[in-house]
**Q** 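My questions will all concern the structure given below.
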Amino acid sequence: QVQLVESGGGLVQPGGSLRLSCAASGIISSMYKMNWYRQAPGKQRELVAAITRGGTTNYADSVKGRFTISRDGAKNMVYLQMNSLKPEDTAVYYCNLGVNRYDYWGQGTQVTVSS
């Protein structure tokens, strides 16, 4: 079965960095556009970053210049490097993959930015 598993979340101080990983199985993730979303308590889910099959990236304005999405097709992985973290980045981060009109989602990983 298709499975996406996020890891790398945790507690970090403002200005710090984290790298989130998304491991895909049951699907060749390099064939698809992949995305990172996040959802903070009381807020709607937000698209943070996206990467196409060809490696084209797109970012939410709120994270542009601080976050970098990348992928490793050989490892069936996608990453989100998060630098200069702010308290407003606190959220559950989800890996997402679209197959036709269906979206696969990971279970999420918690990122907490606090001093």
**Q** Hey, what do you get for CZ (Arg66) to OG (Ser17), rounding to the nearest 0.5 Å?
**A**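 One gets 10.0 Å once the value is rounded to the nearest 0.5 Å.
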**Q** Determine whether Cys95 and Val78 make a side-chain contact, defined as any pair of heavy atoms from C-beta on separated by less than 4.5 Å.
**A**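 In short, these two side chains touch, coming nearer than 4.5 Å.
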**Q** Who passes side chain to side chain contact (heavy atoms under 4.5 Å, CB included) against Val2, sequence neighbours left out?
**A**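 Side chain to side chain contact (heavy atoms under 4.5 Å, CB included) list for Val2, sorted by chain: Ile27, Tyr104.
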**Q** Quick one, Leu11 and Ser114 - any side-chain contact, counting heavy atoms below 4.5 Å?
**A**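 Contact flag for Leu11/Ser114 side chains = yes.
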**Q** Is it true that Leu80 and Val5 fall in one hydrophobic cluster, defined by side-chain heavy atoms closer than 4.5 Å?
**A**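 Hydrophobic grouping puts Leu80 apart from Val5.
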**Q** Given Leu85 and Phe67, is the side-chain contact (heavy atoms from CB on, under 4.5 Å) satisfied, shown in steps?
**A** CA-CA 9 Å; Leu85 283 162; Phe67 290 12; 3.9 Å; yes
**Q** Restricting to non-hydrogen atoms, name the atom on Trp36 and the atom on Cys22 that form the minimum distance, rounded to 0.1 Å.
**A**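 For Trp36 versus Cys22, the nearest heavy atoms are CZ2-CB, 3.7 Å.
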**Q** Please name the residue in the list Tyr93, Tyr94, Trp105 that meets the ring-ring contact (aromatic ring centres under 6.0 Å, His included) test with Tyr37.
**A**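 Option passing the ring-ring contact (aromatic ring centres under 6.0 Å, His included) with Tyr37: Trp105.
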**Q** Out of Leu18, Thr90, Thr112, which one pairs with Val12 under the side-chain contact (heavy atoms from CB on, under 4.5 Å) rule?
**A**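 When Leu18, Thr90, Thr112 are each tested with Val12, the side-chain contact (heavy atoms from CB on, under 4.5 Å) holds only for Leu18.
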**Q** Which heavy-atom pair separates Pro14 from Ser115 by the least distance, and what is that distance?
**A**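 That would be CD-N, 3.6 Å.
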**Q** Going through the checks in order, is the salt bridge (charged side-chain N to carboxylate O under 4.0 Å, His left out) test met by Lys86 and Asp89?
**A** CA-CA 5 Å; Lys86 304 174 180 180; Asp89 295 319; over 6 Å; no
**Q** For Thr68, does its backbone N or O pair with a side-chain atom of Tyr79 as donor and acceptor, under 3.5 Å?
**A**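 Not a single qualifying donor-acceptor pair exists.
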**Q** Can any side-chain N or O of Asp72 pair as donor or acceptor with the backbone N or O of Met77 at less than 3.5 Å?
**A**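 No: the side chain of Asp72 does not pair with the backbone of Met77.
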**Q** Consider only side-chain heavy atoms of I, L, V, M, F, W and Y, link residues closer than 4.5 Å, and tell whether Ile69 and Val92 are in one cluster.
**A**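 No; tracing contacts between hydrophobic side chains, which count when under 4.5 Å, never links both residues.
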**Q** Kindly say whether Glu46 contributes a backbone atom to a donor-acceptor pair with the side chain of Arg38 at under 3.5 angstrom?
**A**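 No, because the side chain of Arg38 does not come within donor-acceptor range (under 3.5 Å) of the backbone of Glu46.
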**Q** List the atom of Gly9, the atom of Leu20, and the distance in Å for their closest heavy-atom pair.
**A**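 Heavy atoms only, the tightest pair is N-CD2, 3.6 Å.
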**Q** Which value, rounded to the nearest 0.5 Å, describes the distance between Ile51 atom CD1 and Met34 atom CE?
**A**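 The distance works out to 9.5 Å.
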**Q** Under 3.5 Å, side chain of Asn58 to main-chain N/O of Ala50, donor-acceptor pair present?
**A**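 No.
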**Q** Do any N or O atoms from the side chain of Glu6 and from the backbone of Gln107 form a donor-acceptor pair under 3.5 angstrom?
**A**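 Yes, because the side chain of Glu6 sits within donor-acceptor range (under 3.5 Å) of the backbone of Gln107.
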**Q** For the atom pair CZ (Arg71) and OG1 (Thr57), what is the distance rounded to the nearest 0.5 Å?
**A**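 Going from CZ on Arg71 over to OG1 on Thr57, the span is 11.5 Å.
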